[in-house]
Amino acid sequence: MPGFSKFVNAFKKYPLLRGMASYSIIWPISSLIQQTFEGRNIDNYDWWRCGRFGLYGSCYVAPTLYCWLTTANILWPGNTLRAGLIKTLVETLTYTPFAMCSFYFGMSLMESKAFYEACIEVKAKLWPTYKVGASVWPVVALVNFCFIPPKNRVPFISVCSLVWTCFLAYMKHLDKEDIYLKTGQTPIQFMKIS
């Protein structure tokens, strides 16, 4: 099968394609898992939500993650513990908050929400999500930087992200009214807080 061998060779040659393919599967599956925990089933799954997760994961997360991992490998080459710790620290302080802001903002816009609503969602959900992520992802990142070959880093992270993306799906669809009640503010007051 010459067509299949070209397909396999492209995946070997271009790790970004592998990452995009894995994110296009894992992110919608995470959305389905999260919706199942909401009590949905095959009759009432929100397939558009799954589609948004797949599109966002494959066309935004995988390329930005690939760029970050490539840059980190150039700036701090090697798989030593020292290089892994530096990359992990820098990732936790830079890429992780960027990725979380992008997730809430981008997914809100994909849901046809207004710009200010996307800003409110980022403001409400970034810090709680970051606290959880900062307690989980540094270990995964360290393993990735120290033990996984650079060409397999995006696919490795995508597999590890299944549970994380379920958590992101949960946080994304957490009712904003609950956030306003917890802070005791209206959406406009909440937005004005610095």
Can you name the closest pair of heavy atoms from P63 and C59 and give their distance? CG-O, 3.5 Å
Test item: M100 and K125 side chains (from C-beta on) under 4.5 Å apart, heavy atoms: no
Within the 4.5 Å heavy-atom criterion, are Y23 and S161 side-chain neighbours or not? yes
Does the side chain of E117 reach to within under 4.5 Å of the side chain of S108, using non-hydrogen atoms? no
State yes or no: do I25 and W27 share one hydrophobic cluster built from I, L, V, M, F, W and Y residues joined by side-chain heavy-atom distances below 4.5 Å, directly or via other members? yes
If we ignore hydrogens and angles and just use 3.5 Å, is the side chain of T70 paired with the main-chain N or O of C67 as donor and acceptor? no
Are the charged groups of E91 and K87 less than 4.0 angstrom apart, N to O? no
Heavy-atom side-chain proximity of V143 to F156 below 4.5 angstrom: yes
Closest non-hydrogen contact found for L109 with A118 is CD2-CB, 4.3 Å
Going by atom types only, do Y95 and T64 share a side-chain donor-acceptor pair under 3.5 Å? yes
In terms of hydrophobic clusters joined by side-chain contacts under 4.5 Å, are W48 and L168 together? no
Donor-acceptor under 3.5 Å (R153 side chain, F145 main chain): yes
Would you find a donor on one side and an acceptor on the other, under 3.5 Å apart, between the side chain of N152 and the backbone of P149? no
Between S24 and A21 the two heavy atoms that sit nearest each other are OG-O, 2.7 Å
Please determine whether side-chain contact (heavy atoms from CB on, under 4.5 Å) holds for the pair I120 and F115, giving the CA-CA distance in whole Å, both sets of side-chain angles, and the decisive distance to 0.1 Å. CA-CA 9 Å; I120 288 172; F115 182 85; over 6 Å; no
When every non-hydrogen atom of P97 is compared with those of T94, the smallest separation belongs to CD-O, 3.3 Å
Between H173 and Q35, does the side-chain contact (heavy atoms from CB on, under 4.5 Å) criterion hold? Intermediate values first, please. CA-CA 10 Å; H173 294 284; Q35 290 183 53; over 6 Å; no
Side chains of R52 and D46 in contact at under 4.5 Å (non-hydrogen atoms): yes
Do you see a donor-acceptor pair shorter than 3.5 Å between the side chains of K172 and S31? no
Can you tell me how far apart CG (N79) and CZ (F147) are? Round to the nearest 0.5 Å. 9.0 Å
Ignoring hydrogens and angles, tell me if any N or O in the side chain of Y104 forms a donor-acceptor pair with the backbone of C119 under 3.5 Å. no
Interatomic spacing from OG in S58 to CD1 in I26 - rounded to 0.5 Å: 11.5 Å
Closest heavy-atom contact between T80 and A83? OG1-N, 3.1 Å
G84 to C146 - nearest heavy-atom pair and separation: CA-SG, 3.9 Å
CA sep, side-chain torsions, deciding dist, call: W164, V140, side-chain contact (heavy atoms from CB on, under 4.5 Å): CA-CA 11 Å; W164 175 250; V140 174; over 6 Å; no
4.5 Å side-chain heavy-atom contact, C101 and L126: yes
Partners passing side chain to side chain contact (heavy atoms under 4.5 Å, CB included) against S102 (at least two apart in sequence or in another chain): Y56, Y60, F98
Start with the C-alpha distance between V90 and W68, add both sets of side-chain angles, then the distance that settles side-chain contact (heavy atoms from CB on, under 4.5 Å), and finish with yes or no. CA-CA 10 Å; V90 172; W68 156 244; 3.6 Å; yes
Check the hydrophobic clustering (I, L, V, M, F, W, Y; side-chain heavy atoms under 4.5 Å; chains of links allowed) and say if V132 and V139 are grouped together. no
Quick one: do I157 and V136 end up in the same hydrophobic cluster if we chain Ile, Leu, Val, Met, Phe, Trp and Tyr together by side-chain heavy atoms under 4.5 Å apart? no
If you link ILVMFWY side chains whenever their heavy atoms are less than 4.5 Å apart, which other residues fall into the same cluster as Y45? By chain and number, please. L32, I42, W47
Flag yes if L89 and Y130 sit in one hydrophobic cluster, no otherwise; membership is Ile, Leu, Val, Met, Phe, Trp, Tyr, and two members link when side-chain heavy atoms are under 4.5 Å apart. yes
Is the closest side-chain heavy-atom distance between Y170 and T165 below 4.5 Å? no
Within the side chain of S30, is there an N or O that forms a donor-acceptor pair under 3.5 Å with the backbone of L162? yes
Suppose clustering is done on Ile, Leu, Val, Met, Phe, Trp and Tyr with side-chain heavy atoms closer than 4.5 Å. Which residues sit in the same group as L85? L81, L142
Determine, for E111 against R49, whether the closest basic-nitrogen to carboxylate-oxygen distance falls under 4.0 angstrom. no
Quick check: do F53 and F103 have side-chain heavy atoms less than 4.5 Å from each other? yes
